[in-house]
Amino acid sequence: MAASRTRLAPSPTGALHLGNVRTFLVNWTLARQRGWEIVLRVEDLDGPRHKEGAGVAMIDTLAWLGLDWDEGPYYQRNDLRPYREATARLAEQRHVYPCRCTRKEIEAASLSAPHGDGHELHYPGTCRPAENEPIDAELLGAEGVAWRVQVPAGVASFVDEFSGPQQFDVAQTVGDFLIGTKLGLPSYQLAVVVDDARQGIDKIVRGDDLLSSTPRQMLLYDLLELGPPPTYTHLPLVLGEDGRRLAKRHGDTRVSHYREQGVSAQRILGLLAEWCGVGTRQPLSAVEFVDRFSLDQLSRQPVVFTKADDAWLVQGD
Ligand code: GLU
């Protein structure tokens, strides 16, 4: 049997901080412990938020920490054809439809409807075609036209390898979600599925902020007839002391910031090790981390990054 494959998929919208690095470290470790191949894929399609040079900087940070990969880096922006082909195939089969609604219009329609998921709004189905109404394929790739999936009613369930049984009602929460944006780019949901399928990824390990995206991605696997979806392992996030997801408001937690102050990779891994249930914080290498880590020891609760953690890192070896 061919080896399993996973991917490290950073989005170059900022820099790697202690939170997303913990997820990458666990993903990489599981792969090295279990003999999975690792693909490095830079998810650089998020137009306005995408920062020039951030992908290269992230790769440098991962390598500095001692992580490696077997294939890549692949950059999604380098070739948009696979996403266009997938969109055309979905349109041909009437699974998707063009939409010109503005965010304002969707917000106005959502006021009396469910609230969506996080920052996402519930799409009320304004542009959804009537049964048998043809889909205008001429609009594929047209400026100012987004594409949405016709989400079937009902609850989707799956079992996450770490977070356990999950149930989501996609139609009720986000509704007909985007697979193509008005800028002519694939949405995150489509790009990730097209790439996971063509890169042979069968093991996905990522932060549990993406749990609710999973049933959307599984639906796309089904509609595109890509075979069985990967298995999913969603890990709790790292939070700040205010209980919110680690971000700029919690100070500078970028790995590169600590590195510039002379903090060693081993020391950063020492803190991450404690956060992963690998003893008390002791500087260690990525290879030593692989020897000692066990997914069973990982807490199901989110980790909280404190000022004391920051002080421990910069106090030096
Ligand atoms: N690029 C995404 C992120 O950095 C991860 C996507 C995924 O793992 O599916 O949040």
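In each ligand, atom 1 is the first atom listed, and ligand 1 is the first ligand listed. One is the number of the first residue; the rest follow in order along the sequence. Only heavy atoms go into these numbers, but all of them, side chains included; no hydrogens, no water, no symmetry mates.
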Checklist entry - So which heavy atom in the protein is nearest atom 6 (C) of ligand 1, and how far is it from that ligand atom? => result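 Atom 6 (C) of ligand 1 sits closest to the protein heavy atom E43 OE1, 3.3 Å.
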Checklist entry - Where is the nearest protein heavy atom to atom 4 (O) of ligand 1: which residue, which atom, and how far? => result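 The answer is S11 OG, 3.3 Å.
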Checklist entry - For T23 and N20, does a side-chain donor sit closer than 3.5 Å to a side-chain acceptor? => result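 Their side chains do not contain a donor-acceptor pair, so the 3.5 Å distance test is not met.
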Next on the checklist: If the cut-off is 4.0 Å to any non-hydrogen atom of R206, which atoms of ligand 1 fall inside it?
Outcome noted: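 Going through ligand 1 atom by atom, the ones under 4.0 Å from R206 are 7 (C), 8 (O), 9 (O).
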Checklist entry - Which of the numbered atoms in ligand 1 are below 4.0 angstrom from a heavy atom of V192? => result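 What qualifies from ligand 1 is 9 (O).
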Checklist entry - Are R5 and D70 ion-paired here, with the side-chain N under 4.0 Å from a carboxylate O? => result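 Salt bridge flag = no for D70 with R5.
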Next on the checklist: Looking at R244, I want to see if its CZ is surrounded by more than 12 non-hydrogen atoms of other residues, nucleotides or ligands under 6.0 Å.
Outcome noted: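 No, not enclosed.
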Next on the checklist: Heavy-atom count check: over 12 atoms from other residues, nucleotides or ligands less than 6.0 Å from E143 CD?
Outcome noted: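 Count not over threshold, so no.
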Checklist entry - Within the side chain of N27, is there an N or O that forms a donor-acceptor pair under 3.5 Å with the backbone of R206? => result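 Pair absent, no side-chain N/O of N27 close to backbone of R206.
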Next on the checklist: Below 30° counts as parallel, above 60° as perpendicular, anything between as tilted: where do the rings of W275 and F305 land?
Outcome noted: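 Rings of W275 and F305: perpendicular, over 60°.
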Checklist entry - Looking at ligand 1, does R7 have a heavy atom less than 4.0 Å from it? => result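 Yes; R7 lies near enough to ligand 1 that a heavy-atom distance drops under 4.0 Å.
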Checklist entry - Does any N or O atom in Y188 lie less than 3.5 angstrom from one in ligand 1, N or O only? => result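 So ligand 1 has an N or O lying under 3.5 Å from an N or O of Y188.
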Item to check | Polar contact flag for L210 and ligand 1 (N/O pairs, less than 3.5 Å) | outcome: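 L210 vs ligand 1: no N/O contact under 3.5 Å.
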